[in-house]
S.K.: 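Right, I'll just put the structure down here and ask away after.
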Amino acid sequence: MTLEVKAAQEAGPLQSVLHPAGQDAAVIGQFAWVLFIAAAVIFVAVMALLVLSLRQHARPPRAGLWIAGAGIAFPVVVLTALLGWSTWRSVELRPQGSNHALAISATARMWWWEVRYRDPASGTEFATANEIHVPVGQAVYLGLNAADVIHSLWVPALAGKRDMIPGRVTGLTLRADKPGIYRGQCAEYCGIQHARMALHVVAHAPAEFEAWLASQARPAAQLTGTLAERGRAAFLDQRCQTCHTIRGVTEGTPDHASAGLGPDLTHVGGRMQIGAGTLRNHRGTLAEWIADPQASKRGVFMPAAAGIDDASLQSLAAWLEALK
Ligand code: CUA
């Protein structure tokens, strides 16, 4: 993570419609302000008229004109103007100039995000989780799907919401105009841990994005040393490969299913958080999570590591942390 991205993260609120950092979000933010200000002005005017009418006991002069003017003509004119304006502005929200060369798809699962990339340079396809990395200044098209129930992707600083529906591919165009980390969240109730289904969009300068893509496309680092070897053995002993893929490690191992029930962990150490925004990612939280995922995220489908001794648990966490 560069200093530039870190500075951008510290500069602004993580998740806000009112601080847009992308084209679509700017249009949506403008809608929010115009509707709020118009509604506030009208509310204050109506309250003022109400106070006046309560203090005046006689029937006001030209009452019929007031009813026709303020009760019928004014709302028709104002609402028609707002409808026309918002329809005209909405045209800008349609996908345009999408970068289809860069294929990114996101699949929502209870309760995390699988994100798949195809590196155009090498043609390698890879999966990551809970982070969508994009190049700054380019419209990126995301293909969206869901594996179980309906979820919804919402990164308020960058774009509007888009539902993710099992068996149906929808799409969303994102464009981040400044480097930074933008928090997003599942915006459709999807079960007990709906609230802990967050993700981050990380917007990099183009060259930095290319470097990220190339490093992610590579298989996991072949780490040596007692800690790494012990960690790797603990991973296989615990049959973590039944649900998790680590490219370069899990291929051909017993019970390995590439169905991806759990996040791909090839470069898990490089992610900011674990449990879809539940815990900061470091070896302490990794050990905590592996030993008892229910303690941090009740209802999560990952089982606790069974009968693991503390040394193996610490080695496993240290090895995963080192898989950058
Ligand atoms: Cu996924 Cu709410």
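Just so it is clear, the values below take in all heavy atoms, side chains as well, and ignore hydrogens, waters and symmetry mates. When a ligand or atom number is given, it counts from 1 through the structure's own listing order. Position 1 is the first residue of the sequence; numbering continues from there.
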S.K.: Over 60° means perpendicular and under 30° means parallel, so tell me whether Trp212 and Phe209 are parallel, tilted or perpendicular.
M.R.: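 Parallel, since the angle between the ring planes stays under 30°.
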S.K.: Atom CZ of Arg55 and atom CG of Leu50: how far apart are they, to the nearest 0.5 Å?
M.R.: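 Output value for this atom pair is 12.0 Å.
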S.K.: Measure centre to centre between the rings of Trp85 and Phe31, then say whether the value is under 6.0 Å.
M.R.: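 Yes.
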S.K.: Ring pair (Phe, Tyr, Trp, His ring centres under 6.0 Å) with Tyr189: which residues, sequence neighbours excluded?
M.R.: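 His194.
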S.K.: Looking at Thr285 and Arg280, what are the two nearest heavy atoms and their distance?
M.R.: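 Shortest heavy-atom contact: OG1-O, 2.6 Å.
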S.K.: Test Arg175 against Asp177 for salt bridge (charged side-chain N to carboxylate O under 4.0 Å, His left out), laying out the working first.
M.R.: CA-CA 6 Å; Arg175 196 186 84 189; Asp177 290 332; 2.8 Å; yes
S.K.: Take atom 1 (Cu) of ligand 1 as the centre and count protein N, O or S atoms at distances under 2.8 Å.
M.R.: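 Atoms of protein N, O or S type lying less than 2.8 Å from atom 1 (Cu) of ligand 1 total 4.
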